[in-house]
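These notes are about the structure you will find just below.
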Amino acid sequence: MKGILKIVSRSLLLLVFLISGCSDFEEINTKPDAFTSEEVSAKYFLTGLQIELYAPNRFPYWRAQLIHADRFAGQFTFGYNGCWWTDGLAYSYSVGYTDAAYDWMSGYLGKFSTYQNFVRPGGELENDKFYAIGLIMKGLYYQMYTDTFGMVPYTEASNPDIITPKFDTQAEIYQGVITQLDEAMNIIGESTVTGEGLEFLAENDLFFNGDLQKWKKLANTLKLRMALRAQGASGADFATAAISEALQAPLLANSDENALMEKDTEIDQFGNAAYGDIWHNFGGLGSKWKVGKTLVDYLRDNNDPRLPHYAQPIIGGDVTFTRPSEGNGVGLFDKYVEFILGELDNAGVEYTRTGSDDEFTISVADGTYYVGQPTRLNGDIYPHVKYELFSAPAELVINPKNSGAPIAPEVVMTAAEGNFLQAEAAVKGLGSGDAQALYQEGIRQSMLQWNVDEGAISEFLANEPMAQLDGSMEENIEKIAVQRWIAAYTDGFEAWAIVRDTGYPKELANGVSDYDIYSAGTLNGEYPQRMRYGNIEYNTNGANLEAAVQVQGPDEQGTDLWWSAGN
């Protein structure tokens, strides 16, 4: 990310002024070695807001994104033999992991509010275009925040005079965000830049390099996403009109409009993390993870050319299975190995087996095999889930920093999403677009995002049944949902939301029931619908939190959100 060290360093220096809380901005800049107001621009703060929301330091990146969202989405899994954890982690509530996620996400609001107070009308760094960008960033943040926890403080959250803000319903938050997205789009209008000189936003904007029309399309695509998610939920009377409005305005549609935040290769993991910071720097084999079975199966079984861009072939070789001498695994050994070998068989892996019933070795034949690890495996089967037999993420996803190797960017919002949302609206009769053309363009844009060859894309679209909306309305909605979920790879929060919203992929949404193999967790096998609130909220805003629980339901992972398929 060219020049980002310089940008962030200056942003951090300026943050001293934010923290100081001084009311007279000019006064604190009278020292000869300090910035004057003419040298300060909101653009230096925007960079940090983008990084903090989509690539925070390693602690929340690991505990929020990887341990929770990516795994609830069914796209990454733990629990192979040698991993520090079974894949039941997080399905069984853990206060430490949950608090890390909640503290990061709830704490973001303070950083955002400081920025927005500077650029608002009458603020020290007043600029209506930066203010509009702030409203869009607020929308991105709140969609992630409320879709993770449900009811959260919104209308009173930025008021400095209210120490214990009330929790708003998701309907109120969704409607409020959509209203502010409209405000942002109106402010931007036909403008393309934020201003001149110091007010000119370019490389400090890690999404669009300062292109306001792309920001406007991002806002409209977020509006469509939220309106479609809300549509049909109780109290979502605003959704249908919002969908219609969004469909009549420009949306993210082409590859040069993707909001993808390039990973910095120089800032260390405690300022700006990546998957590689955990994969390579966090404990050898124990902290690594595999790609989920559901994702690999959809890609492999439908000849999807994204497969080698998402995952690596299995290592294979010689792998030995041994019946334990005590414990539950003695009687269940045959069931365990039959399950593991069944996954190899389903993936077309060729292997030979030698040995006895109590100890045998399989030798995987030479070849390129992709095998996803089943989601949510329990601790009893752990010894037999061999690292060599399941696919790891592609190197582009887990490449380390400072190695010169490319790293996949953070997904904010994509052209694939813009096309899929339009296709969904058309299938539901909420829009007049060509659902088939929009659906295929969504697939095409997703594949282009992952550097798939144009020829392979054309072949997939022409020949694979998965590329055709040729079924009933519900079958077509399922295909769109699954493709949106596939396209959201490495954006675990959105991929998880898609499953909860649509009920697809149903292999995930249906939860688990065979507790010999899978972890029931604290959910009794059900699919996680939300994360629990953090202890910090109970300690500082307990009365309002308890009032929210009375409206929303128990503070448990299984409580359905307002818009979820289960409601």
Side-chain angles (χ1 to χ4, degrees), residues 73 136 139-140 142-144 146-147 174-175 177-178 181-182 184-185 207 213-233 236 238-260 411-449 461 466-467 469 473-489 491 493-505 563-565:
I136 299 169
L140 290 168
Y142 261 104
Q143 188 241 308
M144 184 191 299
T146 187
D147 286 359
Y174 264 54
Q175 188 167 12
V177 167
I178 288 173
L181 291 173
D182 286 338
M185 289 187 281
F207 297 173
Q213 289 305 303
K214 290 180 180 177
W215 274 99
K216 189 174 179 180
K217 290 180 181 181
L218 168 60
N220 196 41
T221 307
L222 178 60
K223 175 181 177 178
L224 181 57
R225 172 196 279 178
M226 296 181 73
L228 279 169
R229 184 160 292 161
Q231 199 261 337
F238 59 89
T240 301
I243 292 168
S244 178
E245 292 164 2
L247 292 173
Q248 295 174 45
L251 296 147
L252 299 176
N254 302 306
S255 56
D256 64 347
E257 298 170 341
N258 286 328
L260 301 173
V411 175
V412 179
M413 186 80 76
T414 65
E417 175 82 345
N419 283 284
F420 285 136
L421 292 171
Q422 292 178 80
E424 179 183 337
V427 168
K428 291 180 175 179
L430 300 170
S432 58
D434 183 335
Q436 171 67 14
L438 290 163
Y439 174 65
Q440 289 207 339
E441 185 61 18
I443 295 173
R444 179 175 175 272
Q445 289 296 331
S446 174
M447 291 181 175
L448 288 174
Q449 178 189 326
L461 295 179
M466 177 57 82
L469 293 182
M473 178 186 290
E474 190 58 37
E475 288 169 339
N476 290 341
I477 288 173
E478 178 178 2
K479 282 186 176 180
I480 294 169
V482 168
Q483 285 299 322
R484 282 186 64 206
W485 175 78
I486 292 172
Y489 182 54
D491 181 11
F493 283 103
E494 183 57 24
W496 176 32
I498 289 168
V499 182
R500 291 174 290 155
D501 176 29
T502 67
Y504 301 115
W563 44 254
S564 74

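- Residues Lys217 and Met413 have side chains not in contact (no heavy-atom distance under 4.5 Å, counting atoms from C-beta outward).
- The closest side-chain heavy-atom distance from Ile136 to Leu218 is below 4.5 Å.
- Put simply, the side chain of Lys223 reaches to within 4.5 Å of the side chain of Asp182, judged on heavy atoms.
- Checking each of Glu474, Arg484, Gln483, Lys479 against Tyr504 for a side-chain hydrogen bond (donor to acceptor under 3.5 Å, both in side chains) leaves exactly one that passes, namely Glu474.
- Residues Asn476 and Gln436 form no side-chain contact, since every pair of their non-hydrogen atoms from C-beta on lies 4.5 Å or further apart.
- Between Asp147 and Phe493, every side-chain heavy-atom pair lies at or beyond the 4.5 Å cut-off.
- Taking CE of Met226 as the reference point, atom CG of Leu421 lies at 12.5 Å (rounded to 0.5 Å).
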Exercise for review: Begin with the C-alpha distance, continue with both residues' side-chain angles, and end with the deciding distance and a verdict on side-chain contact (heavy atoms from CB on, under 4.5 Å) for Glu441 and Gln422.
Suggested key: CA-CA 10 Å; Glu441 185 61 18; Gln422 292 178 80; over 6 Å; no
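- The shortest side-chain heavy-atom distance between Glu424 and Val427 does not fall under the 4.5 Å cut-off.
- Ala233 and Trp563 make their closest contact through CB-CA, 4.2 Å (heavy atoms, listed as atom of the first residue, atom of the second, distance).
- Summarising the geometry of Ala219 relative to Met185, their closest heavy-atom pair is CB-CG, 3.8 Å, with the distance given to 0.1 Å.
- Distance alone, capped at 3.5 Å, is enough to place a donor-acceptor pair between the Thr221 side chain and the Leu252 backbone.
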Point to revise | Derivation and outcome, side-chain contact (heavy atoms from CB on, under 4.5 Å), residues Leu260 and Val412 | key: CA-CA 6 Å; Leu260 301 173; Val412 179; over 6 Å; no
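- Of all heavy-atom pairs spanning Ala426 and Ala435, the tightest one is CB-CB, 3.8 Å.
- By the salt bridge (charged side-chain N to carboxylate O under 4.0 Å, His left out) test, Glu475 pairs with no residue at all, sequence neighbours left out.
- Within the 4.5 Å cutoff, side-chain heavy atoms of Ile498 are placed close to those of Arg229.
- Nearest heavy-atom pair, Ala495 versus Ala73, reported as atom, atom and distance to 0.1 Å: CB-CB, 3.7 Å.
- Annotation for Gly442 and Ala416: closest pair O-CB, 3.4 Å, computed over non-hydrogen atoms.
- At distances below 3.5 Å, not a single donor-acceptor pair connects side-chain atoms of Gln231 with backbone N or O atoms of Thr240.
- Residues Glu257 and Ala253 share a closest heavy-atom pair of OE1-N, 2.8 Å.
- Under the salt bridge (charged side-chain N to carboxylate O under 4.0 Å, His left out) criterion, Lys214 pairs with no residue at all, not counting sequence neighbours.
- In this structure, Glu417 CD and Glu494 CD are separated by 5.5 Å, a value rounded to the nearest 0.5 Å.
- A donor and an acceptor atom, one from each side chain of Gln449 and Tyr489, are nowhere located under 3.5 Å apart.
- Taking CG from Leu181 and CG from Asn220, the interatomic distance works out to 8.5 Å, rounded to the nearest 0.5 Å.
- Between atom OG1 of residue Thr502 and atom CD1 of residue Ile477 there is a gap of 9.5 Å, rounded to the nearest 0.5 Å.
- Annotation: salt bridge (charged side-chain N to carboxylate O under 4.0 Å, His left out) contacts of Asp491 (sequence neighbours excluded): none.
- Here the CG atom belonging to Leu224 is positioned 5.0 Å from the CG atom belonging to Leu247, to the nearest 0.5 angstrom.
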Practice item. Check the pair Leu448 / Asn258 against side-chain contact (heavy atoms from CB on, under 4.5 Å), numbers first and verdict last. Key: CA-CA 11 Å; Leu448 288 174; Asn258 286 328; over 6 Å; no
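- With contacts defined as side-chain heavy-atom distances shorter than 4.5 Å, the pair Leu461/Ile443 qualifies.
- One finds the CG atom of Leu469 at 5.0 Å from the CD1 atom of Ile480 (value rounded to the nearest 0.5 Å).
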